[in-house]
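Reading through the structure tokens given below for one structure.
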Amino acid sequence: MATVMIDLKRLGDVKAPAGFAERVLAQAGMADSYAVFETVLGPVYVAWNRLGVSAAMRSKSAAEFEEWFRKDVGRELLRVEAPAAVAAKIEDQLRGKRRLQFDLRGLTPFSQAVLQKTLEIPRGQVRPYGWIAREIGHPAAVRAVGTALANNPIPYFIPCHRVVRSDGVIGNYGGGGPEAKRNILTLEGVQLKRLETLARSGLRYEGVKSTKIFCFPTCYHGRHAREENFVFFHDEAEARAAGYRPCKDCRPAVA
Amino acid sequence: MEGTERVFERLVRDHQDRIYALGLALTGNRHDAEEVAQDTFLRAYRALTAYPPDRVRDLKQKAWLHRIAVNVVRNRVRGVRPRLVELNGSEPDRGSGPEEDVMRRAEIDELAARVACLPARYREAVVLRHVQELSYAEVADALGQPVGTVKANVHRALKMLRGDNHGDGDD
């Protein structure tokens, strides 16, 4: 009888498998899964949960990503094999189709509003920080917008690289510095040279003579116009004085 | 609900080994053990989110989780006999260093499979008493049976495990 009881006691010493607690927490919605995905931008670490993608970073190692995530987002993290379904959505998202959902819990309502608004900027276009501030109803909070974008936990997917300074400087970028920002914008088809030349001359808006509408220079409404049919404006007043109205898509000014 | 999440996380970390071991002893293989353990904690989580704060605070976590786990096992598809021990596919234990040899793991699995072959009422009683080392009162509480019944079932289970199947004779 005694040996049977000793054997049974050993059965009680069994440990749960590696990662068990994290899997349980993930199923209860309290931990996020993550994997590294090969993308056009190179390898990107992406974390997600039931609500959507919660973080993305081009970290040097899994350890670096985990440390950043636990500190910044404050949830547990579980490494998994990259699921094909998520990989396909990520690829589509980076190509400009909007298929991903995002989990922005934990951010302030202001930051959430900034990031939601940033998601509206189409691929191949850019907007100034002041545009975001005005669109979310805090026109004076331009600096706060910059801070919210600098702390974007999901760069590339929430395209904070499409927000630039109104003086034409592309500006810094949390997802890998100014160079990375330029590279991604070029990849998306933004003509950086044209944009910067205009900005250096103080020209912020372009108008098309035939339509009498003025836009931000990257707005796709100007895409078919010939270069000689563009007129450029320093500011809203100048454009309106010339008889132009603001574009209803890129909304360079309140209509 | 932040409080509930903290409580739950601690609950999982504190009891994961114990509940996994219980699952292994009751089902006889590591795959089912993990399913049972996961199911147990997820039920516990749903219950915690519904309980008022003072009930969560006064909860006797160990006994409560054992009761849930026993019910999870009881509710699994009836008539499923324990499968043969899986020799591959399952993950290594947490904290099992290189010194944990394959032999020891195989022995554990074989033992678990033997326990799993016991009739359910003997198996539940003996596992809670001698694998999980609960007191007879705690076992009786977890199983919802009188203490005397539990004692008798434990005794019969030990006899069967010892290979003595010839009724309640000596000893």
Side-chain angles (χ1 to χ4, degrees), chain A residues 1-35 47-52 54-55 62-63 66-67 69-83 103-109 112, chain B residues 4-6 8-9 11-25 30 33-34 37-42 44-46 48-49 90-96 100 104-105 107-112 114-115 126-127 129-133 154-155 157-164 171:
Chain A
M1 196 70 95
T3 55
V4 170
M5 272 155 64
I6 290 165
D7 280 350
L8 288 174
K9 209 177 151 191
R10 279 176 59 209
L11 205 47
D13 294 336
V14 172
K15 297 264 183 289
F20 175 80
E22 286 74 19
R23 285 196 286 282
V24 169
L25 294 175
Q27 282 190 318
M30 289 168 54
D32 293 20
S33 306
Y34 83 98
W48 68 91
N49 58 44
R50 286 181 308 182
L51 296 176
S54 54
E66 287 190 16
E67 190 191 331
F69 184 89
R70 293 207 169 95
K71 194 165 128 272
D72 217 66
V73 183
R75 280 194 298 271
E76 284 298 321
L77 206 51
L78 171 71
R79 181 157 192 173
V80 298
E81 285 295 310
D103 173 18
L104 299 176
R105 284 176 302 172
L107 297 177
T108 62
Q112 292 188 18
Chain B
T4 306
E5 306 216 325
R6 286 274 159 274
F8 180 67
E9 190 178 340
L11 185 84
V12 174
R13 297 207 183 282
D14 288 353
H15 297 282
Q16 56 172 337
D17 292 337
R18 180 193 298 283
I19 296 302
Y20 178 78
L22 175 60
L24 180 59
R30 291 173 190 262
E34 176 152 0
Q38 277 196 10
D39 234 24
T40 301
F41 283 114
L42 289 177
Y45 179 68
R46 281 197 290 273
L48 281 179
T49 54
S90 47
E91 290 182 57
D93 297 346
R94 280 182 323 107
S96 66
E100 199 222 19
R104 195 180 150 250
R105 192 181 160 92
E107 273 173 33
I108 294 278
D109 285 349
E110 195 194 307
L111 182 61
R114 265 174 63 209
V115 172
V126 79
V127 165
R129 178 69 190 102
H130 287 299
V131 176
Q132 304 298 95
E133 301 189 296
V154 169
H155 184 75
L158 288 176
K159 264 181 176 308
M160 289 175 84
L161 285 173
R162 217 177 28 169
D164 177 6
D171 197 13

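To find a chain, count down the sequence lines: A is the first, B the second, and so on, and within it residues start at 1. Just so we're clear, the structure is a prediction, and the values are computed from it rather than from any experiment. Heavy-atom basis, side chains included; hydrogens, waters and symmetry copies ignored.
Proximity of B:L158 to A:M5: side-chain heavy atoms (C-beta onward) are separated by under 4.5 Å at one or more points. Between A:P17 and B:E34 there is a side-chain heavy-atom pair separated by less than 4.5 Å. For the pair A:D7/B:L161, no side-chain contact is recorded, criterion being any heavy-atom separation below 4.5 Å from C-beta on.
Of the atoms belonging to B:Q38, heavy atoms from both backbone and side chain fall under 4.5 Å from chain A. Heavy atoms of B:V127 lying under 4.5 Å from chain A are absent altogether.
Minimum interatomic distance between A:V14 and B:A21 (heavy atoms only, all atoms of both residues): O-CB, 4.0 Å.
Within the model, atoms CD of B:E9 and CE of A:M30 stand 5.0 Å from one another, a figure rounded to the nearest 0.5 Å. Here CZ of A:R10 is found 7.5 Å from CG of B:L111. Values are rounded to the nearest 0.5 Å. In this structure, the separation between CZ on B:R114 and CG on A:L11 is 10.5 Å, given to the nearest 0.5 Å. The CG atom of A:L25 sits 9.5 Å away from atom CD of B:E5, with the distance rounded to the nearest 0.5 Å. Considering CG of B:D17 and CG of A:D13, their distance stands at 10.0 Å, rounded to 0.5 Å.
Looking at residues two or more places apart in sequence or on another chain, you find a ring-ring contact (aromatic ring centres under 6.0 Å, His included) between B:F8 and B:Y45. Shown here are the side-chain hydrogen bond (donor to acceptor under 3.5 Å, both in side chains) partners of B:Q132, two or more places apart in sequence or in another chain: B:H66.
Between A:E76 and B:R13 there is a salt bridge, since at least one side-chain N of the basic residue sits less than 4.0 Å from a carboxylate O of the acidic one.
The number of heavy-atom neighbours closer than 6.0 Å to CD of B:E133, taken from other residues, nucleotides and ligands shown, is above 12.
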